[in-house]
Amino acid sequence: ARLEGELNRLRLATLESHLQPHFLCNALNTVSSVMYEYLAAADSILASLADLLRRTLRTSPGPEVSLHDELETLDLYLAIMRARFADRLTVDVDISDDVRCAAVPPLLLQPLVENALKHGDPGPSIPAHVTLRARQSGGDLLLEVQDNGPGITGSPEAAIGKGIGLGNTKRRLDHLYGDQHQLALQNRSSGGLSVTVRIPFHRIAPEATHE
């Protein structure tokens, strides 16, 4: 049992290490796309990226962090995206205080929101809108990310397998929770895509510092 636990921790660390350079490349591409026309936006993105890297590259004390800490990391990522999209991006966060202590894998939300902005962007002339919700449902934590983009064609399984972010997220959830989790993609009747993550609910204390 101890050896199996160590192997799972090693696999999780490997999966997290795959997410970090993938995210960094995407963020630097964002800087490149705006630096010649919007120097102030590029400067703002680099400042936010530096703060974000300090958080994402630090060693986590365990395989989970609090949702509160994960939201702070996501806020830094969204600062980068707001600089890129300017007034064309709105993000609604609907999360009650009673679930902010819930334990989640680190870097869980960022790939979901990145997927919503990358594949769910409705186009340059239409505002991009992302909604993030979290609530307790029975003994589970239910997380939902919605966008107003074109949705997906084909099966949800194929969509998950295509991307590094979603595919990596699915494998991390498999290692952490086995069959006690769910990652589901569904086109919304009003347009756009809804990505839902369901994991067992348990509490964890937020980290004391974020240096």
In Å, rounded to the nearest 0.5 Å, how long is the span from [atom1] of [X] to [atom2] of [Y]?
| X | Y | atom1 | atom2 | value |
| --- | --- | --- | --- | --- |
| Leu141 | Leu67 | CG | CG | 6.5 Å |
| Leu107 | Tyr77 | CG | OH | 11.5 Å |
| Arg172 | Leu176 | CZ | CG | 7.5 Å |
| Glu72 | Asp75 | CD | CG | 7.5 Å |
| Gln110 | Leu76 | CD | CG | 11.0 Å |

(Q) If we check side chain to side chain donor-acceptor pair (under 3.5 Å) with His129, which of these qualifies: Asp92, Asn148, Asp147? (A)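 Exactly one candidate clears the test, Asp92.
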
Tell me whether [X] shares a hydrophobic cluster with [Y], the cluster being built from Ile, Leu, Val, Met, Phe, Trp, Tyr side chains joined at under 4.5 Å.
| X | Y | value |
| --- | --- | --- |
| Phe201 | Leu142 | no |
| Ile126 | Leu117 | no |
| Val195 | Leu89 | yes |
| Ile80 | Leu46 | yes |
| Leu143 | Tyr177 | yes |

Q.
For Thr169, run the side-chain contact (heavy atoms from CB on, under 4.5 Å) check against Ile160, Leu108, Asn115 and tell me which one passes.
A.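 Result for side-chain contact (heavy atoms from CB on, under 4.5 Å) with Thr169: Leu108.
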
Q | side-chain hydrogen bond (donor to acceptor under 3.5 Å, both in side chains) evaluation trace for Arg198 with Gln180 | A | CA-CA 8 Å; Arg198 182 186 292 270; Gln180 302 299 310; over 6 Å; no

Q) Okay, side chain of Glu70, backbone of Val65: is any donor-acceptor separation there less than 3.5 Å? A) no

Q) With no hydrogens and no angle check, is any side-chain donor or acceptor of Arg171 less than 3.5 Å from a backbone partner on Leu166? A) no

Q. Is the closest side-chain heavy-atom distance between Val145 and Thr131 below 4.5 Å?
A.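 No, every pair of side-chain atoms sits at 4.5 Å or beyond.
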
Q | Note, Val104 side chain near Val197 side chain (heavy atom, < 4.5 Å) | A | no

What pairs with [X] under side chain to side chain contact (heavy atoms under 4.5 Å, CB included), at least two apart in sequence or on another chain?
| X | answer |
| --- | --- |
| Ser96 | Asp98, Val99 |
| Arg100 | His68, Leu71, Ile95, Asp97 |
| Asp174 | Lys170, His181 |
| Ser155 | Glu157, Ala158 |

(Q) Taking side-chain hydrogen bond (donor to acceptor under 3.5 Å, both in side chains) as the definition, give me every residue that meets it alongside Arg88, ordered by chain and number, with sequence neighbours left out. (A) Asp121

(Q) Under the rule for side-chain hydrogen bond (donor to acceptor under 3.5 Å, both in side chains), what residues qualify as partners of Arg82, not counting sequence neighbours? (A) none

Q: Tell me, with the steps shown, if Ser194 and Glu144 meet side-chain hydrogen bond (donor to acceptor under 3.5 Å, both in side chains).
A: CA-CA 7 Å; Ser194 177; Glu144 187 175 26; 2.7 Å; yes

**Q.** Whether over 12 other heavy atoms sit under 6.0 Å from Gln136 CD
**A.** yes

Q | Heavy atoms from other residues, nucleotides or ligands near CZ of Arg188 exceed 12 (cutoff 6.0 Å) | A |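 It does: Arg188 CZ has more than 12 such atoms within range.
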
Q) Could you walk me through whether Val113 and Leu74 pass the side chain to side chain contact (heavy atoms under 4.5 Å, CB included) check? A) CA-CA 9 Å; Val113 174; Leu74 181 64; 3.8 Å; yes

Q: Applying side chain to side chain contact (heavy atoms under 4.5 Å, CB included), run through Gln146 and Arg133 and close with a yes or a no.
A: CA-CA 9 Å; Gln146 295 181 343; Arg133 296 188 178 94; 3.2 Å; yes

**Q.** Ser48 to Ala79 - nearest heavy-atom pair and separation
**A.** OG-CB, 3.6 Å

Q | Flag for Ser66-Asp69: side-chain donor and acceptor within less than 3.5 Å | A |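 Side chains of Asp69 and Ser66: pair found under 3.5 Å.
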
